[in-house]
Amino acid sequence: MTYLGFGLLLGSATMAIAAPATPPRQLDIIKCIAKAKPEAKDEASARTSYLLVYFKDETHSLHFATSADGYSFTDVNDGAPVLNGRDVAEQKGIRDPYIMRGPDNAFYLAMTDLHIFAKREGLRDTDWQRPTDSYGWGNNRSMLFMKSYDLTHWTLASVTIDQLFKSTANAGTAWAPEMI
C-alpha cells in the first residue's frame, strides 16, 4: 500500500529520473550543507517541476516522484526508495513525509520515525516501541527532520519528542509532522 504525504512542492532543483538499468541511488546524509547559490531573478521561470514525497508500507522508506504539470508523476529512482528508513530511523522505518521550501530556499523534510511491521520483520521483539497497554497503537516517540539546498545532499536530525519536551513523556504517539 502506498501513502502520499503532503508532497507537491514547486522546486527549482533539476531532478534526473533514473533509467531502469541504473542501480537505485540513496540520498546522501552529510554533517553540514553549503548555502545555495542565489536564485534567478525570475523565480517563476527558474522553478521546473513538482516534487511528490511519499512512503510505502512495503519499504517503510522515502520515495520521490516528479511532475511537470502537477497531475502526472514519474517515480524517481525507478520506484526504489531514495532514502532507506532502516538506515536513518530509530524504529527502522519512516512514514508521513512532509516537505516544504523555506524562506532561505532550503528544502525541509519532516517524517514520522515508525515501522508498523517491525516485529514481523524481526526488527524488534514487541509489536510497538513501548507497551501497547500504556501508550496505544504505534506508539513511537521520534520525528526525523532533514534539510537540503539541492534535494540530494541532506542533513538529518532525529528528535525524540518526549526527551525534548518533558511534558510529553506520556504522550502516546508523535505522528505526521507538518511545518509552517
Side-chain angles (χ1 to χ4, degrees), residues 3-18 22-40 43 46-56 59-67 73 75-116 118 123 129 138 140-166 168 171 173-180:
Y3 295 89
L4 301 178
F6 169 79
L8 293 181
L9 174 72
L10 197 56
S12 65
T14 303
M15 298 187 67
I17 298 172
T22 304
R25 292 200 52 211
Q26 295 282 298
L27 301 179
D28 290 328
I29 303 298
I30 57 177
K31 291 184 180 188
C32 172
I33 53 178
K35 188 159 170 77
K37 297 175 188 168
E39 238 186 79
E43 289 185 30
R47 298 176 192 265
T48 59
S49 63
Y50 293 89
L51 173 64
L52 175 71
V53 297
Y54 64 99
F55 75 99
K56 295 180 182 178
T59 64
H60 278 79
S61 296
L62 180 67
H63 295 260
F64 283 175
T66 60
S67 171
F73 285 83
D75 283 319
V76 171
N77 231 10
D78 198 33
V82 295
L83 183 65
N84 189 335
R86 290 184 186 210
D87 295 339
V88 296
E90 178 186 11
Q91 291 201 38
K92 306 299 181 199
I94 65 99
R95 299 176 73 80
D96 316 317
Y98 180 96
I99 194 166
M100 67 171 280
R101 191 161 210 181
D104 60 352
N105 283 321
F107 297 93
Y108 292 88
L109 181 63
M111 300 171 283
T112 302
D113 181 336
L114 179 63
H115 195 306
I116 65 169
L123 299 172
Q129 187 176 36
N140 69 311
R141 304 175 305 164
S142 298
M143 297 284 181
L144 298 171
F145 297 97
M146 298 174 68
K147 179 180 179 179
S148 174
Y149 286 103
D150 63 7
L151 295 171
T152 301
H153 303 92
W154 294 82
T155 56
L156 171 69
S158 178
V159 177
T160 305
I161 305 300
D162 63 342
Q163 290 177 6
L164 185 62
F165 303 103
K166 297 298 181 189
T168 65
T173 57
W175 288 352
E178 293 185 19
M179 299 173 280
I180 56 172

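Contact annotation: the side chain of Ile116 approaches that of Arg95 to within less than 4.5 Å [non-hydrogen atoms, C-beta and beyond]. The closest side-chain heavy-atom distance from Met146 to Leu156 is below 4.5 Å. In this structure, Lys147 and Asp104 have side chains that are in contact, with non-hydrogen atoms separated by less than 4.5 Å.
Taking CH2 of Trp154 as the reference point, atom CG of Asp28 lies at 12.0 Å (rounded to 0.5 Å). To the nearest 0.5 Å, atom CG of residue Asn77 and atom CG of residue Leu83 are 11.0 Å apart. Rounded to the nearest 0.5 angstrom, Met100 CE and Phe107 CZ are separated by 11.0 Å. Considering CG of Asp75 and CZ of Phe64, their distance stands at 12.0 Å, rounded to 0.5 Å.
With sequence neighbours excluded, no residue forms a side-chain hydrogen bond (donor to acceptor under 3.5 Å, both in side chains) with Ser158. Residues meeting the salt bridge (charged side-chain N to carboxylate O under 4.0 Å, His left out) test with Asp87, sequence neighbours left out: none. Remark: His115 pairs with His60 by the ring pair (Phe, Tyr, Trp, His ring centres under 6.0 Å) rule, at least two apart or across chains.
Applying side-chain contact (heavy atoms from CB on, under 4.5 Å) to Leu151 and the options Ile99, Leu109, Val76 leaves one that passes, Ile99.
Remark: the backbone N or O of Thr66 is not paired with any side-chain donor or acceptor of Ser49 at under 3.5 angstrom. Between the side chain of Thr112 and the backbone N or O of Leu114, no donor-acceptor pair lies under 3.5 Å. With hydrogens and angles ignored, the 3.5 Å screen pairs no side-chain donor or acceptor of Thr173 with any backbone N or O of Asn140.
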Take Val53 and Tyr98 through the side-chain contact (heavy atoms from CB on, under 4.5 Å) test and state the conclusion after the steps. CA-CA 7 Å; Val53 297; Tyr98 180 96; over 6 Å; no
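Pairing each heavy atom of Thr152 with each of Asp150, the nearest pair is N-OD1, 2.9 Å. Closest non-hydrogen pair, Ser142 versus Glu90, comes out as OG-OE1, 3.1 Å. Shown here for Pro81 and His63, the closest heavy-atom pair between the two residues is N-CE1, 3.5 Å. Tyr149 and Ala106 make their closest contact through CE2-CB, 3.5 Å (heavy atoms, listed as atom of the first residue, atom of the second, distance). Looking at every heavy atom in both residues, Ala89 comes nearest to Asp113 through CB-OD1, 3.4 Å. Of all non-hydrogen atoms in Tyr108 and Met179, the two that sit nearest each other are O-CE, 3.2 Å.
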